[in-house]
Amino acid sequence: MARSSRRGRNKKVNSTPIIIGVLVILVAVLASMLFFKPEARSAAPKPFNISKYRQDGSRFASTGNRYVLEGKVESIETRGDNRMLAVSIRGNNRELLPLLVLGSKPLQINITRGDTFIFEVSCRTGRDSAGNEVKGILVVNDVKTK
């Protein structure tokens with residue numbers, strides 16, 4: 001009787017672990033796409049349009065959007081811990097835009113008059129000293145040097 005050699009036999013490859021691995025990776029990718037919030041992607045600051053802001057600053061405030069603008073600091077007024085900046089926007093030096101820097105939010109950069117910065121701002125609704133509602137206040141969230 002002839003002996004069969006072990007080398008000559010065809011071995012069956014168990015593909016179950018490979019299929020399970022591919023399925024796990026697919027489920028992980030799909031889950032990350034579902035659980036990654038789309039508003040986090042849309043929350044990136046938008047370029048600021050000064051003419052639209054001047055036309056309807058109240059609509060800017062109601063959205064709570066964040067904007068990025070480049071401007072030169074023309075003057076700085078201090079009120080308690082807060083500072084109000086008058087900023088001339090690049091490409092529109094005729095108008096000054098007021099930006100509020102809250103004292104409760106320390107910035108990593110020393111803002112100086114005459115220098116140009118890149119401001120990340122959010123538009124909010126607030127109250128004046130008499131308690132009246134003021135819409136379209138631009139509050140500085142972050143500043144970077146130009």
Side-chain angles (χ1 to χ4, degrees), residues 6-7 9-146:
R6 286 188 178 184
R7 289 184 199 169
R9 288 190 205 161
N10 288 337
K11 292 185 179 180
K12 288 187 178 181
V13 176
N14 190 358
S15 61
T16 305
I18 295 171
I19 292 173
I20 291 174
V22 169
L23 286 175
V24 167
I25 291 172
L26 238 133
V27 168
V29 168
L30 289 174
S32 69
M33 289 171 64
L34 289 174
F35 292 111
F36 182 68
K37 296 182 180 179
E39 56 268 11
R41 282 181 270 166
S42 65
K46 302 171 186 166
F48 187 78
N49 186 325
I50 193 168
S51 61
K52 285 184 180 178
Y53 172 75
R54 291 283 185 209
Q55 286 176 343
D56 194 7
S58 63
R59 191 166 25 149
F60 273 62
S62 64
T63 60
N65 286 337
R66 294 180 355 195
Y67 300 94
V68 172
L69 55 98
E70 180 181 327
K72 179 181 176 184
V73 178
E74 301 295 340
S75 70
I76 302 172
E77 293 290 326
T78 303
R79 301 278 182 203
D81 290 340
N82 301 327
R83 291 176 285 164
M84 183 63 77
L85 310 177
V87 176
S88 61
I89 304 300
R90 184 175 171 205
N92 188 354
N93 294 335
R94 292 174 279 126
E95 294 184 86
L96 295 180
L97 192 62
L99 304 181
L100 177 62
V101 179
L102 298 174
S104 60
K105 180 159 178 72
L107 300 173
Q108 301 299 320
I109 293 177
N110 186 21
I111 299 173
T112 53
R113 190 170 44 114
D115 289 335
T116 301
F117 298 94
I118 298 172
F119 297 94
E120 181 183 311
V121 299
S122 57
C123 200
R124 297 186 189 168
T125 299
R127 302 239 176 238
D128 64 11
S129 59
N132 300 318
E133 187 176 73
V134 179
K135 294 184 177 184
I137 299 170
L138 295 173
V139 179
V140 176
N141 296 325
D142 195 16
V143 180
K144 295 180 180 144
T145 56
K146 172 67 178 143

Checklist entry - For the atom pair NZ (Lys72) and CG (Leu85), what is the distance rounded to the nearest 0.5 Å? => result 14.0 Å
Which atom pair, heavy atoms only, marks the closest approach of [X] to [Y]?
| X | Y | result |
| --- | --- | --- |
| Ser88 | Glu74 | OG-OE2, 2.7 Å |
| Asn141 | Leu107 | O-CD2, 3.9 Å |
| Arg124 | Val139 | CD-CG2, 4.0 Å |
| Leu99 | Val140 | CB-CG2, 3.8 Å |
| Leu138 | Pro98 | CB-O, 3.9 Å |
| Cys123 | Tyr67 | CB-CE1, 4.4 Å |

Check: [Y] and [X] side chains under 4.5 Å, non-hydrogen atoms:
| X | Y | answer |
| --- | --- | --- |
| Thr112 | Val73 | no |
| Arg79 | Met84 | no |
| Thr145 | Phe117 | yes |

Item to check | Other residues, nucleotides, ligands: >12 heavy atoms within 6.0 Å of Gln108 CD | outcome: no
Next on the checklist: Between Asn82 (side chain only) and Leu102 (backbone N and O only), is there a donor and an acceptor less than 3.5 Å apart?
Outcome noted: no
Next on the checklist: side chain to side chain contact (heavy atoms under 4.5 Å, CB included), that's the test. Do Leu69 and Leu97 meet it? Break it down for me.
Outcome noted: CA-CA 10 Å; Leu69 55 98; Leu97 192 62; 4.0 Å; yes
